[in-house]
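A short worksheet on the structure shown next.
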2 protein chains.
Amino acid sequence: MTEGEKNTATSLPSLESLVGESEALAAKGRFRGCHEHSIDSKGRVSIPSSFRSVLQSSGVLELVVTNYICDGARCLEAYPLPVWESLELKISKLSSFDPRLKSLENYYFSRAASCPVDKAGRILIPANLRNYSGLQSQISFTAGISGFRIWDTRVWEHVFREAETRLLENPDLFSGLDLTSDRHR
Amino acid sequence: MTEGEKNTATSLPSLESLVGESEALAAKGRFRGCHEHSIDSKGRVSIPSSFRSVLQSSGVLELVVTNYICDGARCLEAYPLPVWESLELKISKLSSFDPRLKSLENYYFSRAASCPVDKAGRILIPANLRNYSGLQSQISFTAGISGFRIWDTRVWEHVFREAETRLLENPDLFSGLDLTSDRHR
DNA sequence: CTGTCAAACCATTTTATCCCACTTTGCACC
DNA sequence: GGTGCAAAGTGGGATAAAATGGTTTGACAG
């Protein structure tokens with residue numbers, strides 16, 4: 001499989017699961033919504049202004065971007081630096097003697113790039129990450145709990161449609177989960 | 001299936017099932033009724049004033065709007081911010097390492113948009129959500145337990161008529177449901 | 001020495017937000 | 001019923017902010 005090609009594998013475990021609620025951007029608002037921007041020939045993209053205000057309100061001017069696979073498709077994941085750091089800390093403790101975690105470490109951490117937000121509100125996405133996720137001209141930002149994802153818009157639209165279909169065809173995805181637990185309080 | 005097109009599949013389980021009774025707008029009144037408004041070229045819609053008073057009495061000036069499919073038709077679902085937050089919290093705990101939940105996350109949460117109510121009592125519905133639900137000129141608001149739904153009026157009328165027909169053809173549809181016990185006492 | 005790439009700067013276009021004004025509806029009171 | 005007032009709903013334009021494109025400067029590697 002060449003870089004940028006669609007990947008048919010399932011999802012990777014979410015990095016977000018490693019981020020405790022306490023480390024998440026505390027009470028400063030959350031990243032929300034899906035925003036489409038364009039990427040220029042140099043690899044620069046504007047961060048959606050609503051995402052920027054979340055960052056600014058916690059005094060963070062720097063993101064960490066790394067590769068990710070979500071629902072079978074390659075994309076990027078971006079975290080505010082402090083969130084990423086707490087993530088690193090956890091992984092470093094976990095991976096001490098467990099060889100299985102080495103691939104996790106290699107995949108997530110080896111290419112994680114530090115991306116400062118410039119004066120115009122943009123970041124530069126390194127070429128290897130751009131190629132990996134197939135970023136061409138139209139880019140979509142989608143909100144996550146403690147960070148956000150960056151997709152080529154075509155890929156994202158496909159993933160979204162697939163997700164819709166999967167949920168319609170398989171409502172059991174919900175019923176198997178105990179989402180209503182606190183109803184019985 | 002392109003955006004805005006009718007979807008013929010069945011319903012998704014209601015997001016409302018994820019919201020515990022305790023988190024629902026406590027004793028501040030409920031959203032009730034069906035209200036028709038118009039949407040302007042910029043995507044602005046007035047929130048029905050009765051819905052607004054429910055919001056104001058609990059001090060909430062912000063809604064979160066996301067895509068949804070109800071009875072086979074695309075629409076939007078809107079929640080007061082605090083209700084939505086409790087929902088996010090649950091998902092973030094659940095989604096830890098279950099890849100199947102990626103679809104749920106991608107469909108429900110990734111596009112959920114923060115929509116502050118402006119001075120004139122309106123919200124701006126982002127273009128992607130407008131397209132998704134086919135909002136054109138006439139919009140219908142229908143009440144839910146802890147939030148409400150937003151439809152293109154044509155779609156809503158169709159859904160309502162279909163529901164009526166289904167009940168007429170099958171009057172026993174509800175006979176298995178226990179609607180008479182008062183669980184919440 | 002040269003070529004490449006990234007950072008900083010600046011300029012232009014596009015978009016969104018706020019504000020005000022108008023129309024319509026509903027309600028109380030005459 | 002009618003009349004007047006207040007609230008709700010609607011539309012558009014001005015202004016600020018966001019998004020994008022290009023050029024120059026500087027660092028580093030070949």
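The side-chain hydrogen bond (donor to acceptor under 3.5 Å, both in side chains) check on A:R52 picks up nothing, with sequence neighbours excluded.
Atom CZ of B:R166 has more than 12 heavy atoms from other residues, nucleotides or ligands within 6.0 Å.
Between A:H35 atom NE2 and C:dT15 atom C1' the separation is 14 Å, expressed in whole Å. The interatomic distance linking A:E36 (CD) with C:dT15 (P) rounds to 12 Å, in whole Å. Separating the CZ atom of B:R122 from the C1' atom of C:dA16 is a distance of 13 Å, rounded to the nearest angstrom. For the pair A:D40 CG and C:dT13 P, the interatomic distance rounds to 18 Å; values are reported in whole Å. Distance CG (B:L61) to P (C:dC18): 13 Å, rounded to an integer number of Å. A:R44 places its CZ atom 12 Å from the C1' atom of C:dA11, with the value rounded to the nearest Å.
Counting non-hydrogen atoms under 4.0 angstrom, A:I139 reaches nothing in the nucleic acid. When heavy atoms are screened at a 4.0 angstrom cut-off, B:S46 is found touching base atoms of the nucleic acid. Using a 4.0 Å heavy-atom distance criterion, A:S41 is classed as making no nucleic acid contact. A:K42 comes within 4.0 angstrom of a base, heavy atoms only. The residue A:I123 sits apart from the nucleic acid: no heavy atom pair falls under 4.0 Å.
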Determine, step by step, whether A:R149 and B:E105 satisfy the salt bridge (charged side-chain N to carboxylate O under 4.0 Å, His left out) criterion, reporting the C-alpha distance in whole Å, the side-chain angles of both residues, the deciding distance to 0.1 Å, and the verdict.
CA-CA 12 Å; A:R149 307 223 168 95; B:E105 195 185 329; 3.5 Å; yes
B:W84 and B:F109: ring pair (Phe, Tyr, Trp, His ring centres under 6.0 Å), yes or no, with the steps?
CA-CA 10 Å; B:W84 180 259; B:F109 288 88; 5.0 Å; yes
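Remark: B:E85 does not engage B:K90 in a salt bridge, criterion side-chain N to carboxylate O under 4.0 Å.
In terms of position along DNA chain C, the nucleotide closest to B:L124 lies nearer the 5' end than the nucleotide closest to the other residue of the pair B:A120 and B:L124.
When DNA chain D is scanned in the 5' to 3' direction for atoms under 4.0 Å from non-hydrogen atoms of chain A, the outermost contacting nucleotides are D:dA18 to D:dT23.
At least one test fails for A:R74 against the ring of A:Y68: distance under 6.0 Å to the centre or angle within 45° of the axis.
Look at B:K119 and you'll find a side-chain N or O under 4.0 angstrom from OP1 or OP2 of C:dC19.
Within the 4.5 Å cutoff, side-chain heavy atoms of B:I47 are placed close to those of B:I123.
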